[in-house]
Amino acid sequence: MKPRIKELLGTKPSEQHIVIEGWVRTCRDSGSLCFIELTDGSCLSGIQIIAESSLKNYADEVRNLSTGTAIKATGTLVESPAKGQTVEVRAESIEILGPADPSTYPLQKKRHSFEFLRSISHLRPRTNALGAVARIRSELNFAIHRFFRDQGFFQVHTPLITTSDCEGAGEMFTVTALSDKELGKENPFAQDFFGRKASLTVSGQLQAEIYALSHGRVYTFGPTFRAENSNTSRHLAEFWMLEPEMAFCDLNCDMEIAEALIQDLISTVLANCADDLDLFNRFVSKGLIGKLETACQQPFTRMTYSQAIQELEGVKQQFEYPVAWGSDLQAEHERFLCEEIAGRPVIVIDYPKTIKPFYMRQNEDGKTVAAMDILVPGIGELVGGSQREERLDLLTARMQEDGLGLEEYSWYLDLRRYGSVPHSGFGLGFERLVQFVTGMSNIRDVIPFPRHPAMLPADK
Ligand code: 4AD
Ligand code: MG
């Protein structure tokens, strides 16, 4: 494979002949020479190419190279006298591979707003910020698999098409092969592809539990879908969720693993993506690196839901939504807890059972469940998890209260009938993690192709 810019920038100058391909970021003509900054996506930095007027296509092509043009250059890697780089390329030939007409190419040298870039999602990964997001997202993805492999977890591929509503919120997209006309008939799904109503999954948790009770420690990581009509900067209709599930693990163990994971992922990005993080720290979210260092060096603050409500009641005039024991925490409350009260990520445990799904383990008080949410500055909820109800009688009673068909979920109850053990897990919203790590304020800018209510017709 030909070396890419990231590699070349880390090598010593030599007389060796190199070939380099990429896209022109800028081209500055200084009369007898041109300075071309070339990028290839391998890293944030471009490499400087010096093109002398002796090149045969200098006058008609090289000196007019415009932003976005794809070129192939050959030459040698020489020591650079310029600041901020140790090497540059002295070109012997430059060939245009793909022009980019500056009169129509939407990406020019100036900074574009993220809103504008959302309207050109096929071109936005070429920009510095969105390019950096993509590299950090990929690094986090890889680090997740590395972390779990090191801890003896197995990855389980849970299905995207399912008939169970894990979160019980009814926010599912129906999957059907029926025509509009057939859908209008009575009990249409009996005639449908699966012979019953099927949906896109909201969570792989219930299936992950199956494998936790055979393999001990597992995780699933993939797209999940929610038909919630939330037009916010932290909700998507299609998002990636990481869900570990551990047998012989109580709520404390669940929190320990989640905290160790998040700290490990942040340290990995701090160590491996320094240039990209520096860009976000300077232009997107001032103080980002300090915030990330705090998050990975200091333990997360822990409090119960009741303590959180008490803290918030003291300042409730600040909020749009009321604060009261029994209501769910809103993003503004979550952010206040970690930004103003703790100054770092917070784990809130023991939520009222009425606001949490059926599978969470009931606490002794009869009112709360062994839930834990991890809240982070700038975003709010990053993780939602719990110890699972492993007692058959209590789980059955809770499912009946929630109106869940016991027949439908008999396989889930079997996990409690046969060899039931305490077990726990959590779900981490991958885009929210990417938001936290990059400081990007809108979730639509940290996933390549966002899906959300009322998408533009031109969306890919
Ligand atoms: O809290 P949630 O709904 O939990 C579950 O789905 C559990 N079954 C997880 C488990 O215990 N295995 O979702 C988990 C996380 C949230 O904390 C949030 O980070 C993210 O998923 N999330 C979303 N991210 C983007 N857009 C949405 N619409 C999201 N809904 C949840
Ligand atoms: Mg949640």
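Each ligand, and each atom within it, is numbered from 1 in the order the structure gives. Side chains are part of it too, since the values below use all heavy atoms of this structure and drop only hydrogens, waters and symmetry mates.
With a 4.0 Å cut-off on non-hydrogen atoms, Lys356 does not touch ligand 1 at all. Using a 4.0 Å cut-off between heavy atoms, Tyr219 makes no contact with ligand 1 at all. Only the side chain of Glu228 comes within 4.0 Å of ligand 1, counting heavy atoms alone; its backbone N, CA, C and O stay farther away. Contact annotation for Cys166 and ligand 1: only side-chain heavy atoms (C-beta onward) come within less than 4.0 Å of the ligand.
For the pair Arg416 and Tyr418, the cation does not sit on the ring face, since its NZ or CZ is not both under 6.0 Å from the ring centre and inside 45° of the axis.
Distances from ligand 1 to the non-hydrogen atoms of His452 include no value under 4.0 Å. Not a single heavy atom of Thr224 sits under 4.0 Å from any atom of ligand 1. Under the 4.0 angstrom criterion for non-hydrogen atoms, Phe430 is not in contact with ligand 1. Residue contacts with ligand 1 include Arg432, since one or more of its heavy atoms lies under 4.0 Å from the ligand.
Distances below 4.0 Å separate heavy atoms of Glu243 from the following atoms of ligand 1: 7 (C), 8 (N), 9 (C), 10 (C), 12 (N). Short contacts between ligand 1 and Tyr359, defined as distances under 4.0 Å to a heavy atom of the residue, involve ligand atoms 7 (C), 8 (N). Every atom of ligand 1 with a heavy atom of Gly384 under 4.0 Å away is listed here by number and element: 1 (O), 9 (C), 10 (C), 11 (O), 17 (O). Against a heavy-atom cut-off of under 4.0 Å, Arg234 is close to the following atoms of ligand 1: 25 (C), 26 (N). Remark: ligand 1 atoms within the under-4.0 Å shell around heavy atoms of Ile443 are 25 (C).
Residue Leu382 places at least one N or O, backbone or side chain, under 3.5 Å from an N or O of ligand 1. Between His235 and ligand 1, a contact under 3.5 Å exists for no N or O pair. At a 3.5 angstrom cut-off on N or O pairs, Met241 does not count as close to ligand 1. For ligand 1, none of its N or O atoms has an N or O atom of Leu428 under 3.5 Å away. Of the N or O atoms in Glu381, one or more lie within a sub-3.5 Å distance of an N or O in ligand 1.
Closest to atom 15 (C) of ligand 1 among all protein heavy atoms lies Gly427 O, 3.6 Å. The shortest contact between atom 11 (O) of ligand 1 and any protein heavy atom is with Arg388 NH2, 2.9 Å. Summary of contacts: the protein heavy atom closest to atom 4 (O) of ligand 1 is Glu167 OE1, 3.8 Å. Here the protein heavy atom with the shortest distance to atom 26 (N) of ligand 1 is Leu236 N, 2.9 Å. Protein heavy atom in closest approach to atom 24 (N) of ligand 1: Phe239 CD1, 3.5 Å. When hydrogens are left out, the protein atom nearest atom 20 (C) of ligand 1 is Gly429 CA, 3.6 Å; that is the closest non-hydrogen contact.
Side-chain contact check for Arg388 and Ser386: at least one donor-acceptor pair (N or O, by modelled atom type) lies under 3.5 Å. Under the 3.5 Å distance criterion, with hydrogens and angles disregarded, no donor-acceptor pair is assigned to the side chains of Asp393 and Thr396. Remark: the Asn128 side chain and the Arg25 side chain contain an N/O donor-acceptor pair separated by less than 3.5 Å. Trp23 and Thr69 form no side-chain donor-acceptor contact under 3.5 Å, judged by distance and modelled atom types alone. Of the N and O atoms on the side chains of Glu182 and Ser179, at least one donor lies less than 3.5 Å from an acceptor on the other residue. Residues Asn442 and Ser233 bring no donor and acceptor atom of their side chains to less than 3.5 Å of each other. No side-chain N or O of Ser113 forms a donor-acceptor pair with one of Arg118 less than 3.5 Å apart.
Ring orientation note: the planes of His112 and Phe116 are tilted relative to one another, at an angle of 30° to 60°. Below 30°, between 30° and 60°, or above 60°: for Tyr351 and Tyr305 the angle between ring planes is between 30° and 60°, a tilted geometry.
Under the 4.0 Å criterion applied to side-chain N and carboxylate O atoms, Arg302 and Glu259 are assigned as salt-bridge partners.
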Next item on the list: Could you walk me through whether Tyr219 and His145 pass the ring pair (Phe, Tyr, Trp, His ring centres under 6.0 Å) test, one step at a time?
Entry: CA-CA 9 Å; Tyr219 69 103; His145 294 292; 5.6 Å; yes

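Excluding waters, the protein N/O/S atoms found under 2.8 Å from the Mg ion (ligand 2) are Glu381 OE2.
A centroid separation of less than 6.0 Å is found between the aromatic rings of Phe319 and His333.
Trp240 pairs in a ring pair (Phe, Tyr, Trp, His ring centres under 6.0 Å) with only one of the listed residues (Phe221, Phe430, Phe449, Phe225), which is Phe221. When the options Glu390, Glu389, Glu209, Arg217 are evaluated for a side-chain hydrogen bond (donor to acceptor under 3.5 Å, both in side chains) with His423, the one that passes is Glu209. Residue Glu431 forms a side-chain hydrogen bond (donor to acceptor under 3.5 Å, both in side chains) with just one option from His235, Arg444, Arg234, Arg137, and that option is Arg137.
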Below 3.5 Å, can you tabulate the donor-acceptor pairs from side chains in residues 193-201 to any protein atom, sequence neighbours excluded?
{"residue": "Arg196", "atom": "NH2", "partner": "Glu408", "partner atom": "OE1", "Å": "3.0"}
{"residue": "Arg196", "atom": "NH2", "partner": "Glu408", "partner atom": "OE2", "Å": "3.0"}
{"residue": "Thr201", "atom": "OG1", "partner": "Ser203", "partner atom": "N", "Å": "3.1"}
{"residue": "Thr201", "atom": "OG1", "partner": "Ser203", "partner atom": "O", "Å": "2.7"}

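Put simply, the side chain of Ser45 reaches to within 4.5 Å of the side chain of Asp275, judged on heavy atoms.
Of the options Gln205, Arg226, Glu245, the smallest heavy-atom separation from atom 6 (O) of ligand 1 is shown by Arg226.
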